Amino acid sequence: MTTPPLAPPFGGQQAQAGRDVNTASLCRIGQETVQDIVLRTMEIFQLLRNMQLPNGVTYHPNTHQDRLGKLQEHLRMLSVLFRKLRLVYDKCNENCAGLELVPPEQLIPFVEDEGSKRESRSAGQSRPASEERREIVEVNKKLKQKNQQLKQIMDQLRNLIWEINSMLAVRS
């Protein structure tokens, strides 16, 4: 089987070929391409499942040729989709080549009891962000203390009410 010529990189959109494409858009195109590859692969397996092996059973040559043609078309399209995915992958790597890697821990706000771990990792960040983070940690500590005090007061009130109710029950 010969490989078909390479299709235009992004579904034939010539306007995009002349300008840089957003990396997020490339990732979306790549995701759609992977979904197409999965769909085509499922269709190929469906065709293979429906094909009969030539094991002495009479078969209709026209039906067999039709199914074989469909199978070859699906395989050709699968090859084109994999080339498209490769182009998208290479373009994404090219666009991201100059970017520095940021650990995911810095991108996701975590709530930690110990602020020292977090501050040591974010030493390279700007001063206002670290101050804001420190203020948030302090506010969280104060909030936990207030919650603990409220819990103690509620426990004391509960015990007091229980004692009053038990005294009233004894007098009755």
Side-chain angles (χ1 to χ4, degrees), residues 1-137 139-140 143:
M1 177 171 88
T2 61
T3 56
L6 188 59
F10 304 109
Q13 299 172 354
Q14 296 297 329
Q16 288 182 344
R19 61 183 172 95
D20 286 338
V21 181
N22 184 353
T23 305
S25 298
L26 283 174
C27 290
R28 182 185 48 78
I29 291 169
Q31 179 183 5
E32 291 171 357
T33 304
V34 168
Q35 290 172 347
D36 289 344
I37 288 171
V38 169
L39 180 68
R40 289 285 180 172
T41 305
M42 288 173 42
E43 290 174 358
I44 288 172
F45 282 117
Q46 183 68 29
L47 281 172
L48 289 172
R49 188 177 347 147
N50 291 337
M51 283 185 132
Q52 292 181 349
L53 295 175
N55 55 3
V57 177
T58 58
Y59 64 96
H60 302 290
N62 293 339
T63 306
H64 180 70
Q65 288 300 323
D66 183 44
R67 288 182 180 168
L68 187 60
K70 285 181 184 178
L71 182 62
Q72 288 175 343
E73 175 64 21
H74 281 303
L75 289 172
R76 186 188 68 76
M77 279 304 299
L78 198 60
S79 174
V80 169
L81 287 171
F82 271 112
R83 281 192 233 141
K84 178 181 173 182
L85 184 62
R86 179 47 133 182
L87 287 173
V88 169
Y89 174 78
D90 289 340
K91 185 66 176 173
C92 283
N93 278 342
E94 178 183 310
N95 289 348
C96 297
L99 298 177
E100 62 184 54
L101 293 176
V102 178
E105 292 85 17
Q106 289 183 351
L107 299 174
I108 302 170
F110 287 107
V111 177
E112 295 180 357
D113 289 334
E114 300 175 23
S116 61
K117 290 182 185 177
R118 187 134 167 103
E119 289 176 12
S120 65
R121 286 188 293 214
S122 63
Q125 292 183 346
S126 64
R127 179 76 177 146
S130 63
E131 283 181 20
E132 182 179 331
R133 210 172 281 120
R134 187 171 22 90
E135 289 175 10
I136 290 173
V137 168
V139 168
N140 282 340
L143 184 63

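Keep in mind that this is a model prediction, so the values were computed, not measured. Both backbone and side-chain heavy atoms feed into the values below; hydrogens, waters and symmetry mates do not.
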Test side chain to side chain contact (heavy atoms under 4.5 Å, CB included) applied to [X] - qualifying residues, sequence neighbours left out:
X: I136; value: E132, N140
X: E73; value: R76, M77
X: L85; value: T33, V34, I37

Between [atom1] on residue [X] and [atom2] on residue [Y], distance to nearest 0.5 Å:
X: I29; Y: D36; atom1: CD1; atom2: CG; answer: 11.5 Å
X: F82; Y: L87; atom1: CZ; atom2: CG; answer: 13.5 Å
X: H74; Y: S79; atom1: NE2; atom2: OG; answer: 14.5 Å

(request) Run through L75, L78, V80 and flag the one making a side-chain contact (heavy atoms from CB on, under 4.5 Å) with R40. (result)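 Single side-chain contact (heavy atoms from CB on, under 4.5 Å) partner of R40 among L75, L78, V80: L78.
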(request) Could you list the residues that satisfy side chain to side chain donor-acceptor pair (under 3.5 Å) with T23, not counting sequence neighbours? (result)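 For T23, the residues satisfying side chain to side chain donor-acceptor pair (under 3.5 Å) (neighbours in sequence not counted) are N95.
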(request) List in chain and number order the residues that pass side chain to side chain donor-acceptor pair (under 3.5 Å) with Q46, two or more places apart in sequence or in another chain; answer none if no residue qualifies. (result) R49
(request) Kindly write out the residues that satisfy salt bridge (Lys or Arg N to Asp or Glu O under 4.0 Å) with D90, not counting sequence neighbours, or none if the list is empty. (result)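 Testing D90 for salt bridge (Lys or Arg N to Asp or Glu O under 4.0 Å), a comparison that skips the adjacent residues, returns R86.
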(request) Under the salt bridge (Lys or Arg N to Asp or Glu O under 4.0 Å) rule, collect the residues that match up with E43, sequence neighbours excluded. (result)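 Partners of E43 by the salt bridge (Lys or Arg N to Asp or Glu O under 4.0 Å) criterion come out as none, since no residue qualifies.
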